Amino acid sequence: MSTIMSQLHLDHLNLSRLLEVLKDKLVSLKEGERPDYQLILDVVTYIVDYADAHHHPLEDQIYDYATQQYPSSKQALLEVEAEHKLIRDNTREFQQLIESILMDSVVSMDVFNQRLEDFIRQQYDHLNQEEGTVFPLLEKLMQDKDWLNLQVKLQTREDPLFGDNVAEEYKRLYKSLIQQEAVA
Ligand SMILES: [Fe+2]
Ligand SMILES: [Fe+2]
């Protein structure tokens, strides 16, 4: 497997760990526990900063390349690219909602739980679509020369949460992930 695809798979694995944490939170919220809005905001902010700002644009470049080289893949790839835009807008809106709650806006628990549930589902559906359909399609179509062509164009960026160095703004989140045994 190409280095690029390995990195994207790893990103998916890390994202799914965060989604698992949110899923656990959702269960306890539904049981009446007080929400840890700061933790949820930290997770969503990471998704805005890394998944939406780096992981998805990287995928878009690969999908654009693949649709040009292998037009049969066009429909499947355009679909997931369109989802990137929807996900980005939705994640920003959700981030703003949590920020407003932390600044004392009143949002009912039912409304919040529903937003959280929809957010988790949208993220998972996208991950599953890529892992189940899109990535296997790329693996089938793309040749070594394609990955080499792409490698020189793509920008790499260290993951600010799961990379070797945890960025200052994610230290609090990293600590709670350790406490919840979501990272080793
Ligand atoms: Fe994606
Ligand atoms: Fe992805």
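Every number for a ligand or one of its atoms is a count from 1 in the order of the listing. Note that the structure is a prediction, hence the values are computed from the model and not measured. Side chains included, hydrogens not; waters and symmetry mates left out as well; all remaining heavy atoms used.
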**Item:** Pair Tyr70, Gln143: side-chain N/O donor-acceptor within cut-off below 3.5 Å
**Value:** no
**Request:** Find out whether Leu127 and Leu19 are in side-chain contact, i.e. whether some heavy atom of one side chain is under 4.5 Å from a heavy atom of the other.
**Result:** yes
**Asked** Cut-off 3.5 Å, side chains only: do Glu131 and His9 have a donor facing an acceptor?
**Response** yes
**Request:** Using 2.8 Å as the cut-off, note every protein N, O or S atom close to the Fe ion (ligand 2).
**Result:** His12 NE2, His55 NE2, Glu59 OE2, Glu130 OE1
**Asked** Judged by modelled atom types alone, do Gln38 and Asp42 share a side-chain donor-acceptor pair under 3.5 Å?
**Response** yes
**Request:** Name the orientation class of the two ring planes belonging to His84 and His56 (parallel below 30°, tilted from 30 to 60°, perpendicular beyond 60°).
**Result:** parallel
**Item:** Partner of Ser73 under side chain to side chain contact (heavy atoms under 4.5 Å, CB included), chosen from Val134, Leu141, Leu138
**Value:** Leu141
